[in-house]
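Here is the naming used below: chain letters follow the sequence lines, and residue numbers restart at 1 for every chain.
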Amino acid sequence: MSIVLYNTQTKKKDVFVPLILGQVSMYVCGVTVYDDCHLGHARSALTFDMIRRYFEFAGYKVKYVRNFTDIDDKILNRAKQEDVPWQEISDRYIQNFHRDMGALGIRKPSAEPRATDHMQDILHMIDGLVHKGVAYQLKGDVYFSVKKFSPYGKLSGKKLEELQAGARIEVDTRKQDPMDFALWKTAKLGEPGWDSPWGKGRPGWHIECSAMSVAELGPTFDIHGGGKDLIFPHHENEIAQSCAYTGKEFARFWVHNGFVTVDKEKMSKSLGNFFTIREIFDKSPHSEPVTAECLRYLFLSTHYRSDLSFSDHSINEAKTALDNFYGLFQRLEESSSKSEVEGAQDWETPFKDFTEKFTLAMDDDFNTPKALGAFNEIRGTINKLLGKGLSDNSQKTILETLKAYGETLGLFQMTVSKWNSIVVSLGMAKSEETALPVNGIVGTTDKWIEEKIRLRNEARAQKDFSTADTLRKELAEKGIILEDRPDGTTRWKR
RNA sequence: GGCGCCGUACCCAAGUGGCUAAGGGAGCAGUCUGCAAAACUGCGAUUCAGCGGUUCGAACCCGCUCGGCGCCUCCA
């Protein structure tokens, strides 16, 4: 089966055929490093992480490039505010970015170029554009002439005349056309600058992505991605510059993810309605990996192109859904004490049905909500079979396969015990042995809990249920939940 | 003003021309259980914002209306 994906350029789902057989080249716009990342950035990162994982699952070799914009007005402003060198700002937020992405379980791209490391490529490209006559110099600035690039506006579906009519920004009257955009900007007094044929300056925002993508992946590559707010003007401009420069097709597929919204509104810096990734981890009552998986499940439960509304409620729903999966994994890990013959249930037929549904859903423009639907169906089926009895071997195979499919979404990779141990809030260190206090309740060690359970089970064996209930209550007060199994053993979780 | 997206049960969310409109959560009832939890079973949209139209047939296509949002300015 082939993968079909929605292409912003053609405004429909196109069959994905890579440029080079068996390989996918993908460039995704990263972040401008002047502040901590919020959930909108997390969505983009998670979306393309999922896409990358699925391509690899489908047998492709993926080259995935995600850049850093590490020189920009906002970085300079921030540096001024804090009265520190601008490099300190970009370095700090690159570090924070890596910290947050790591916590989210996002795999590292094949390359993470920084704009300032590609200054020569940028200068070559601008120079080339000037020589081709599609860019012009105005004192120390260089602008791209949109009129010289006839397909301008194709990606975003905008027409130049309409844009001009609606332009609300202050127009630099020196420009040949109000929509012309800067490739190179003169360094003002006290600002950092790189030497260029047009004097000391720095690159405009759009040119760096063109330069870096072409440098890393060549003039034509398979997929260019980013949030849908980048379609115009950023990606439109990238196309103009790159195609004008190389004379070749640029990205073949344009893939854009939807926004994260709060109360129906786009999460954004200017509205101030954003949560940073760090904040989410800090205020979560769960351990970092658990929170990360909840967030991933939540994000995957909406199609990547749709907007996703974020709330405490939505993330709690994700937690419940995952609890149910890890509950199944726990049961699958436990010995069934059933022989091969006794536990000879046909699980292979429903399982085959599951893998087909999963693959079909994912092949169709990465329909993760549908894929999760398939997961939930098989969860019910396996639970039923488990009730009837499965052999240890079958259980082992089922568990391994579920986890293998989960891996393509970045889900279900934790051990059950890790999933079940709740840690405390506010980024305090976590220990496997002891739970730190939660909501003022004093933490307990695993050993202490096990001892209480042993005492309770002794009491139960003697039909001393009042003692057993007292012990259950005592544990419950510490946030420990007990589940008695049919064979007389007890499972517990925090 | 221009361009575009969305509106499916209490909540989230697939489905975009034809079998009973996926799935999850919550709720209620039941099975099981010393109690409980978990798991399982059953119940829940004669209907897809509204109104017209096209069609043998529409939640899905077209038009209009209402409501929400986004891009056109830095934005994932």
### Message
At 4.0 Å (heavy atoms only), tell me whether A/Ser314 reaches a base, stays on the sugar-phosphate, or touches nothing.
### Response
nothing
### Query
Side chain of A/Lys266: nearest nucleotide among B/C3, B/G68, B/A76?
B/A76
### Query
Between A/Thr261 and A/Thr381, which is nearer to the 5' end of RNA chain B once each is assigned its nearest nucleotide?
A/Thr381
### Task
Could you please name the partner base of B/U47, counting Watson-Crick and G-U wobble pairs only when both distances are under 3.5 Å?
none
### Query
Rounding to the closest angstrom, what is the interatomic distance between B/G2 and B/A26 at atom C1'?
43 Å
### Task
Compare the minimum distances between each of B/G70, B/A76, B/G2 and the side chain of A/Glu265, then state the nucleotide with the smallest one.
B/G70
### Closest-nucleotide 5' rank along RNA chain B - winner of A/Asp364 and A/Asn383
A/Asp364
#### Entry: Nearest to side-chain heavy atoms of A/Leu230, which nucleotide of B/A36, B/C72, B/A76
B/A76
### Message
Regarding A/Arg485, tell me which of base, sugar-phosphate or nothing describes its non-hydrogen contacts under 4.0 Å with the strands shown.
### Response
nothing
### Pairing partner (Watson-Crick or G-U wobble, both distances under 3.5 angstrom) of B/A58
none
### Task
Could you check whether A/Lys158 gets within reach of a base, just the sugar-phosphate, or nothing at all, counting any heavy atom under 4.0 Å?
base
### Query
Which letters describe nucleotides 17-32 of chain B, given B = protein heavy atom under 4.0 Å from base, S = only from sugar-phosphate, - = neither?
-----BSBSS------
### Task
Take atom P in B/A14 and the same atom in B/A22, then report the distance between them in whole Å.
15 Å
### Query
Any idea which of B/G34, B/C69, B/A76 is nearest the A/Lys264 side chain?
B/C69
#### Entry: Under 3.5 Å donor-acceptor pair, A/Arg472 side-chain atoms to B/A36 base atoms
yes
### Message
Please classify the nucleic acid contact of A/Val28 as base, sugar-phosphate, or nothing, using heavy-atom distances under 4.0 Å.
### Response
nothing
### Task
Could you work out the separation of B/G24 and B/A13 based on their P atoms and round it to a whole Å?
16 Å
### Query
At what distance, to the nearest 0.5 angstrom, does OG1 of A/Thr8 lie from CD of A/Glu236?
11.0 Å
### Message
Is it the case that the base of B/G34 and the side chain of A/Asp469 share a donor-acceptor contact (distance under 3.5 Å, atom types as modelled)?
### Response
yes
### Query
Is there side-chain contact between A/Trp184 and A/Asp141, with at least one heavy-atom pair below 4.5 Å?
no
### Query
So what does A/Arg491 hit on the nucleic acid, given a heavy-atom distance under 4.0 Å: a base, only sugar-phosphate, or nothing?
nothing
#### Entry: pair A/Met26-A/Arg66: side-chain heavy atoms closer than 4.5 Å
no
### Query
With sugar-phosphate meaning primed atoms plus P, OP1 and OP2, does A/His38 contact a base, only sugar-phosphate, or nothing at under 4.0 Å between heavy atoms?
base
### Message
Between A/Val31 and A/Phe68, is there a side-chain heavy-atom distance shorter than 4.5 Å?
### Response
yes
### Task
Determine yes or no for a side-chain-to-main-chain donor-acceptor pair under 3.5 angstrom, with A/Arg43 supplying the side chain and A/Tyr304 the backbone.
yes
### Task
From the options B/A76, B/C40, B/A36, select the nucleotide whose nearest atom is closest to the side chain of A/Asp484.
B/A36
### Task
With heavy atoms under 4.0 Å as the rule, sort A/Gly327 into base, sugar-phosphate or nothing.
nothing
#### Entry: Pairwise C1' distance, B/A58 and B/C48 [rounded to whole Å]
11 Å
### Message
Considering every strand and a 4.0 Å limit on heavy-atom distances, what is the contact class for A/Asp73: base, sugar-phosphate, or nothing?
### Response
nothing
### Message
Distance check needed: B/A14 C1' versus A/Phe375 CZ, whole Å only.
### Response
16 Å
### Task
Name the nucleic acid region contacted by A/Gly225, choosing base, sugar-phosphate or nothing; use a 4.0 angstrom heavy-atom cut-off, strictly under.
nothing
### Query
Does A/Asp49 come within less than 4.0 Å of A/Arg53, counting only side-chain N to carboxylate O?
yes
### Task
For the residue pair A/Ser156 and A/His235, establish whether any side-chain heavy-atom pair is separated by less than 4.5 Å.
no
### Task
Counting Watson-Crick and G-U wobble pairs only, both distances under 3.5 Å, name the nucleotide matched with B/G42, or none.
B/C28
### Query
Which nucleotide in the list B/C71, B/C40, B/A38 gets nearest to the side chain of A/Asp229?
B/C71
## Note on the structure
Value for OG1 (A/Thr302) from CZ (A/Phe310), rounded to nearest 0.5 Å, stands at 12.0 Å
### Task
Would you mind classifying the nucleic acid contact of A/Phe465 as base, sugar-phosphate or nothing, using non-hydrogen atoms under 4.0 angstrom?
base
Expected list for residues 372-383 of chain A: side-chain donor-acceptor pairs under 3.5 angstrom, two or more places apart:
unit_1: A/Asn376; atom_1: OD1; unit_2: A/Arg379; atom_2: NE; d: 3.3
unit_1: A/Asn376; atom_1: OD1; unit_2: A/Arg379; atom_2: NH2; d: 3.1
unit_1: A/Asn376; atom_1: ND2; unit_2: A/Tyr297; atom_2: OH; d: 3.3
unit_1: A/Asn376; atom_1: ND2; unit_2: A/Leu372; atom_2: O; d: 3.1
unit_1: A/Glu377; atom_1: OE1; unit_2: A/Lys357; atom_2: NZ; d: 2.8
unit_1: A/Thr381; atom_1: OG1; unit_2: A/Glu377; atom_2: O; d: 3.0
unit_1: A/Asn383; atom_1: OD1; unit_2: A/Arg331; atom_2: NH1; d: 2.5
unit_1: A/Asn383; atom_1: ND2; unit_2: A/Arg379; atom_2: O; d: 3.4

### Query
Taking the same atom, C1', in B/G44 and in B/U73, what whole-Å distance lies between them?
48 Å
